[in-house]
There are 2 protein chains.
Amino acid sequence: MQTKYNKVKQEIKTRILDGTYVPNQKINSENELMKEFGVSRHTIRVAVGELVNEGWLYREQGAGTFCADRKTNEKKPKTNKKNIAIITTFISDYIFPSIIRGAESYLSERGYNVSIYSTNNNIDSEKRVLESILSQDVDGVIVEPTKSAFTNPNINYYFNLERMNIPYIMINAFYEELEPLCLVMDDEKGGYAQTEHLIELGHKNIVGFFQTDDTQGVKRMKGYIKAHRKHQVPINPNYIISFFSEEKKTKPHEELEKLLSASADVPTAIVCYNDELAVSLLDITRNRKLNIPKDISIVGYDDSFLAEATEVKLTTVKHPKMEMGEEAARMIVNLVEENHSPSRKASPKYENVLYEPKLVIRQSTRKIEDK
Amino acid sequence: MQTKYNKVKQEIKTRILDGTYVPNQKINSENELMKEFGVSRHTIRVAVGELVNEGWLYREQGAGTFCADRKTNEKKPKTNKKNIAIITTFISDYIFPSIIRGAESYLSERGYNVSIYSTNNNIDSEKRVLESILSQDVDGVIVEPTKSAFTNPNINYYFNLERMNIPYIMINAFYEELEPLCLVMDDEKGGYAQTEHLIELGHKNIVGFFQTDDTQGVKRMKGYIKAHRKHQVPINPNYIISFFSEEKKTKPHEELEKLLSASADVPTAIVCYNDELAVSLLDITRNRKLNIPKDISIVGYDDSFLAEATEVKLTTVKHPKMEMGEEAARMIVNLVEENHSPSRKASPKYENVLYEPKLVIRQSTRKIEDK
DNA sequence: TCCGATTTGTTCGTATGTATG
DNA sequence: GCATACATACGAACAAATCGG
């Protein structure tokens, strides 16, 4: 206890304990302490450094050294390793792995830990996942909302995240009620682009298949309708097929079969909710010996590797999978770090990111044959 | 991470984690480290100081600095939540998401936390990931080995896992040197099945494409050769094409183009390392107006959704993706819980799981046409 | 038991970089 | 743009503890 730095340390600690320095108050600068104790700056730094390590103080470059608030610090975990949770709907979907990949590479490079949870687009699972996250020490959450088109009964869990000061951002879709920070595509414009492309190629009988338990599908459908209105193409109500994720392997196929068997008004083009659906509908057209794009044009969505896997390279809408994952990671890291620096300055407003859909034209669409 | 002291710190930490410094061993003196890193003593002291603070090292004046023994230090019954880390090669591959999904659903139901890491089949990334895992409190690890066909320079990290009593199991492949618990397919038998099927259909000129930086590929190639021997079909050495993961998008395609352009001995069948490759090679046969399976038969591996995405439904080998993930999860949970229960009964020997490959015959293979 | 070499601990001085207000 | 405050880095000196001979 005879060393100079130890004396300085003791004195500063005393000031914290006797209330001279109250929580979050700026203490004397290193320069002032130097003069006050008549020691070198290095000595001050050693003393302050130990106090910082022990959790009594915190430093901010350019601003000063501050007295820590030890009350809230009580549950302090030992490692400073941060955890980010990613909540997905389907891990094995083709677009989510890419999103995760983008996020994981950014996060792990910065020493973050990535935990994943999947809800299977099921509300109960989402609840379980959110409870689990709330009871651990997660520092930030990236979430793709489950059944985003519906009112979410788990909304309180998200409010709880806010109350616990855990930042979260939503990707692909978001719950309207929450108005959260989010990164989404302009799905309406995407659906519009899909449809307009077909209309411009002369198609008038365009079936649209949309998964409407997620907002993505609802918005794409809106875009589909809008494109028809804009170009004054009448919409046949039978041509709008909506389905839920549970039905995605059956309903669209049955409906398409029906439409293709119809005696009149047979569709000449198909707008699909995504590439996965487009590719699986191709089986039906193949069975019927229909040539794509000669007999029927088809447009996918997401520009996944499925779009190029088949003999018919799909015209589709580009989804910024990896970029979205990385951008989400970047954003959550900023939020977490700003959150962790105890200076509560006016937080810079982060902005939602809206990705512009871009139509990728390949060989699955073509000008309609004149009769 | 750009600062000098941080580099020094990182390097020292690496030496602790990779076993260069074992617990209680004296590490290099400050003087030696100065020379070694070409930095001042101050810098060394800052780096070592932080590691001491984090519990990796301890110093003794006059004696030296020593590697701390962390496993005895493991007296933290803080959270009852357990963490499982899954290390993958490529998150966005088509089989890994399914494996993760299987594991995630089992683990999260049992209150486990799932963290994922991806190495991109790159040794340096694997090292980074393992260091990160060793620095946290992970309770169990499921790992798909990186570059499993080669001697792994990160092997010491796995020994360190053992020393720290963290169970790990390997899936899809394993490092021979470690003899770990593992869940793998019988890839040799799989390659054998692919090839034998073609031979039985009368094919004699069978090209094989194998990714040989992972054991899976090496073993499948073995099976390919074995099938030829068994049926006394001579092997044309030019017909065995091996490639590394970095080349997977180019080399096989170039080689196939060459073979198909040859004047004589044109192959009549193709054995592929996996469905992804098979599907992408289909582009080449399509461009050459070759009919599958009339002109060429092709066999994939994994029975992924790609196998059914194209116009040619692939004959392929079934990979128990989800089951493997779930089984791995079940196994690691057992190991972790047995580990944590204080009763140290003779641990029941867990057994490796060897999945039998099953050929799924679809439309991409057919009996060779007689001339 | 003491010595001297080694190793960590403390302290000072100085310089430059970078973030903040 | 500028002053202030902390961050990183180099060099030097002496103190205190350890250890082998």
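Chain A is the first sequence line, chain B the second, and so forth, proteins listed ahead of strands; every chain is numbered from 1.
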- Once you round it to whole Å, what is the distance between P of dG13(C) and CE of M34(A)? 7 Å
- Measure the distance from NZ on K7(A) to C1' on dT11(C) and round it to the nearest whole Å. 13 Å
- Query: Hey, does the side chain of T65(B) come within less than 4.0 Å of dT8(C)'s phosphate (OP1/OP2), counting only N and O?
  - Reply: yes
- Message: Between N31(B) and H42(B), which residue's closest nucleotide on DNA chain C lies nearer the 5′ terminus?
- Response: N31(B)
- Item | Interatomic distance, Q61(A) CD vs dA19(C) P [rounded to whole Å] | 6 Å
- Given I332(A), D139(A), V336(A), the one that forms side chain to side chain contact (heavy atoms under 4.5 Å, CB included) with Y112(A): V336(A)
- Have a look at V39(B) and say if it touches a base, only the backbone sugar-phosphate, or nothing, with a 4.0 Å heavy-atom cut-off. sugar-phosphate
- Starting at OH of Y58(A) and ending at P of dA7(D), how long is that distance when rounded to a whole Å? 13 Å
- Message: Check this for me: does the side-chain of R45(B) come within 3.5 Å of the base of dA9(D) through a donor and an acceptor?
- Response: no
- Task: Would you please classify the geometry between the Y58(A) ring and the F66(A) ring as parallel, tilted or perpendicular, with 30° and 60° separating the classes?
- Result: parallel
- Message: Testing the 3.5 Å rule here: is there a donor-acceptor pair between the side chains of N31(A) and S29(A)?
- Response: no
- Message: So that I know where these two stand, are Y168(A) and Y158(A) an aromatic pair - ring centroids less than 6.0 Å apart?
- Response: yes
- Note on the structure: Per atom distances to the K4(B) side chain, the nearest of dT11(C), dC10(D), dT8(C) is dC10(D)
